[in-house]
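Here the structure is a predicted model, which means the values were calculated and not measured.
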2 protein chains.
Amino acid sequence: MAHPESDQTPAHWRRRTEAALRDAGLRCTFPRHAILDWIAAAAAPFTAEQVVAALETQHGTSSRATIYRLLDWLQAAGWLTRLYSDGTQHTYARFWPGHHHIAVCLRCGSATIMSECHIEEGIRPALAALDFELQGHVLELYGVCGNCRTHSN
Amino acid sequence: MAHPESDQTPAHWRRRTEAALRDAGLRCTFPRHAILDWIAAAAAPFTAEQVVAALETQHGTSSRATIYRLLDWLQAAGWLTRLYSDGTQHTYARFWPGHHHIAVCLRCGSATIMSECHIEEGIRPALAALDFELQGHVLELYGVCGNCRTHSN
DNA sequence: TGATTGATTGATACTAAATCTCAATACTTT
DNA sequence: AAAGTATTGAGATTTAGTATCAATCAATCA
Ligand SMILES: [Zn+2]
Ligand SMILES: [Zn+2]
Ligand SMILES: [Zn+2]
Ligand SMILES: [Zn+2]
């Protein structure tokens, strides 16, 4: 497996995204460091404007344009995923390139990446009945994480 | 089953949403009629601004505010669903109250509602390993519908 | 080292989506 | 008819996100 779940810690994400930037021929500048640091430290999914607000207090880090640019790049490269959202702004969560799903805790907001996927097997009969040729899917899971259940219930 | 798929035609959706408005104590005004008519006739998912653009040519139907208000109500009541979208604006598809999924054709854009759902069974072992208590999920399917495959390929 | 080159930044202007406001209007009930 | 309530819509406003472009920075080369 390319990215065993045990390795998918925020710290590892932080190192891997920096390496990915370099591999893509992009520079690891000070503004980009600050953004990656903030994302790696985020306890829950976040919006671009949250990053803007968090970093604008730290004088001289990253402008709105730089933040939006890097978020777009990270998303396109698979290091962030945009969550399904009722709201008007995009919500991002740390991610890993490839096919994964996210389990979001409704209590603490933490997002866990799940690499296993058996969705298409289960839904195959229904799709066959519709004569629909499946090419991809989006799946997000909502519930309560073990940590929240043991600590506050 | 509350809404057998065979009954989920646009015409039926049109009648049922009008009844739902009445049941909720809301009035079936002329502007709302025009919006429901347009949505019932839509061949594919659409944005609020598409409705605005389509109806503003018909002089004297529905203002932007009325359109946004009704779309919000229909979505909250389960008669529209917002699709996962990379873009900036929400994309809506006709829906039915309850738990369903959408299969969107990447070629013609048509959206088919699927009432069957065996997602949670398949993913249960992986979630148990994470000690995650599942409460809900969002699943959208992408592919090519039978109609598109037979007619243009 | 200093020059060259091209990537990167960020202030600012801009666009477009979505919401808000509130007086005017249209129903419904008594 | 009068009173009371729901609805509308024009326009102002907010806000997310994009575009611009001169100034700056960093990597490589002479
Ligand atoms: Zn939690
Ligand atoms: Zn999957
Ligand atoms: Zn199709
Ligand atoms: Zn389901």
Is there a donor on the side chain of B:R69 or the base of D:dG9 sitting less than 3.5 Å from an acceptor on the other?
-> yes

From the options C:dT28, C:dA18, D:dA16, select the nucleotide whose nearest atom is closest to the side chain of B:R27.
-> C:dT28

Regarding the side chain of A:A65, the nearest nucleotide among C:dG10, D:dG9, C:dT19 is C:dG10

For [X] and [N], what is the distance between atoms [atom1] and [atom2] respectively, to the nearest whole Å?
X: A:I67; N: C:dT12; atom1: CD1; atom2: C1'; result: 16 Å
X: B:R64; N: D:dT14; atom1: CZ; atom2: C1'; result: 14 Å
X: B:L70; N: C:dT19; atom1: CG; atom2: P; result: 14 Å
X: A:E49; N: C:dA18; atom1: CD; atom2: P; result: 16 Å
X: B:H33; N: C:dC27; atom1: NE2; atom2: C1'; result: 13 Å
X: B:L55; N: D:dT8; atom1: CG; atom2: P; result: 13 Å
X: A:L71; N: D:dT18; atom1: CG; atom2: C1'; result: 14 Å
X: A:L21; N: D:dA27; atom1: CG; atom2: P; result: 13 Å

When you measure from the side chain of B:R82 to the backbone N and O of A:S85, does any donor-acceptor pair fall under 3.5 Å?
-> no

Whichever of B:T88 and B:T61 has the more 5' nearest nucleotide on DNA chain D, that residue is B:T61

Just how far is it from atom CG of A:L74 to atom CG of A:L80, taken to the nearest 0.5 Å?
-> 4.5 Å

Rounded to the nearest 0.5 Å, how far does CD1 of B:I113 lie from CG of A:L130?
-> 11.0 Å

What do the steps show when you test B:W38 against B:H33 for ring pair (Phe, Tyr, Trp, His ring centres under 6.0 Å), and what is the final call?
-> CA-CA 9 Å; B:W38 190 90; B:H33 268 281; over 10 Å; no

Using a cut-off of strictly less than 4.0 Å, decide whether [X] has a side-chain nitrogen or oxygen near OP1 or OP2 of [N].
X: A:H90; N: D:dG17; answer: yes
X: B:T66; N: D:dG9; answer: yes
X: A:T29; N: C:dT9; answer: yes
X: B:Y68; N: C:dA18; answer: yes
X: B:R32; N: D:dT7; answer: yes

Is B:T47 touching bases, backbone alone, or none of the nucleic acid, heavy atoms closer than 4.0 Å?
-> nothing

Any strand, both distances under 3.5 Å, Watson-Crick or G-U wobble: D:dA30 pairs with C:dT1

Where each residue is assigned the nucleotide of DNA chain C containing its nearest heavy atom, which of B:F30 and A:F30 is assigned the position nearer the 5′ end?
-> A:F30

Going by heavy atoms in the side chains, are A:W73 and A:L26 under 4.5 Å from each other?
-> yes

